[in-house]
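It should be emphasised that the depicted structure is a prediction, and the values quoted were computed from it without experimental measurement. Count residues from 1 along the sequence.
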Amino acid sequence: MKAKKLKMEIKTAKFSFLIPALRFSTLKWISRLILKYGPSRIKEGRWPPSGEHHTGEFLENITPQDVEIILDQLEQEEPFELVNIDTYDENQDKVVVKIYTV
């Protein structure tokens, strides 16, 4: 059985953010939009600054074809867990982040 969707969960003591499973075709469409409009927004200073990061440089160098290759490869695999982070924040509240294919 090959994976068909990507699902994300983020849970903290204050909120729980469950992103419904998204089909890979939907993710490809979303990534094309982000890569089309994202880099120009960063150059114009509309991206919120959060310390030193290289998001703009990354978005300028990645192409929709790069994202499509990654998503195509995920789609060829059996469902599996990509990310499973179980940690604590600065207030010692539990934080859980999970990203997996279904």
Side-chain angles (χ1 to χ4, degrees):
M1 180 175 104
K2 293 183 181 180
K4 297 191 183 318
K5 299 177 181 181
L6 189 73
K7 185 165 177 68
M8 295 180 242
E9 300 176 15
I10 302 168
K11 296 178 186 178
T12 69
K14 296 180 182 174
F15 71 90
S16 178
F17 188 68
L18 303 174
I19 299 173
L22 296 172
R23 292 193 159 280
F24 288 110
S25 59
T26 304
L27 290 169
K28 289 175 189 176
W29 178 78
I30 291 169
S31 68
R32 277 187 236 114
L33 284 176
I34 290 171
L35 293 172
K36 183 176 181 179
Y37 298 109
S40 64
R41 292 179 61 88
I42 290 170
K43 286 179 189 173
E44 295 170 10
R46 292 186 214 155
W47 191 269
S50 59
E52 193 169 321
H53 58 79
H54 302 284
T55 307
E57 183 179 324
F58 174 76
L59 287 175
E60 285 179 0
N61 293 323
I62 193 165
T63 66
Q65 293 80 17
D66 295 333
V67 175
E68 198 160 323
I69 290 169
I70 293 167
L71 293 176
D72 284 341
Q73 186 61 44
L74 287 174
E75 203 169 5
Q76 298 302 314
E77 302 293 329
E78 297 286 323
F80 69 99
E81 198 168 59
L82 289 163
V83 175
N84 185 357
I85 299 171
D86 193 356
T87 188
Y88 293 89
D89 66 8
E90 64 274 358
N91 298 326
Q92 296 303 314
D93 293 329
K94 189 172 183 175
V95 177
V96 177
V97 178
K98 292 183 181 183
I99 303 173
Y100 51 94
T101 60
V102 290

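Taking OG1 of T12 as the start and NZ of K94 as the end, the distance is 12.0 Å to the nearest 0.5 Å. With values rounded to the nearest 0.5 angstrom, I70 atom CD1 is found 5.5 Å from I62 atom CD1. Atom OG1 of T63 and atom CG of D66 lie 3.0 Å apart (nearest 0.5 Å).
In this structure, the side chains of I10 and V96 stay at 4.5 Å or more apart for every pair of heavy atoms. A 4.5 Å side-chain heavy-atom check between K2 and Q76 finds at least one atom pair inside the cut-off.
Other residues, nucleotides and ligands contribute only 12 or fewer heavy atoms inside 6.0 Å of the NZ atom of K98.
Judged as a side chain to side chain contact (heavy atoms under 4.5 Å, CB included), and not counting sequence neighbours, the contacts of K28 are R32, E68, L71, D72, E75. Taking D93 as the reference, nothing meets the salt bridge (Lys or Arg N to Asp or Glu O under 4.0 Å) condition, with sequence neighbours excluded. Qualifying salt bridge (Lys or Arg N to Asp or Glu O under 4.0 Å) partners for D89, counting only residues two or more places apart in sequence or in other chains: none. Residues forming a side chain to side chain contact (heavy atoms under 4.5 Å, CB included) with F80 (at least two apart in sequence, or on another chain): L74, E77, L82, T101.
The hydrophobic clustering, which links ILVMFWY residues whose side-chain heavy atoms are closer than 4.5 Å, places Y88 and I85 apart.
Hydrophobic cluster membership of V102, counting Ile, Leu, Val, Met, Phe, Trp and Tyr whose side-chain heavy atoms lie under 4.5 Å apart directly or via other members: Y100.
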Would you be so kind as to tabulate the donor-acceptor pairs closer than 3.5 Å made by side chains of residues 14-26, with sequence neighbours excluded?
none

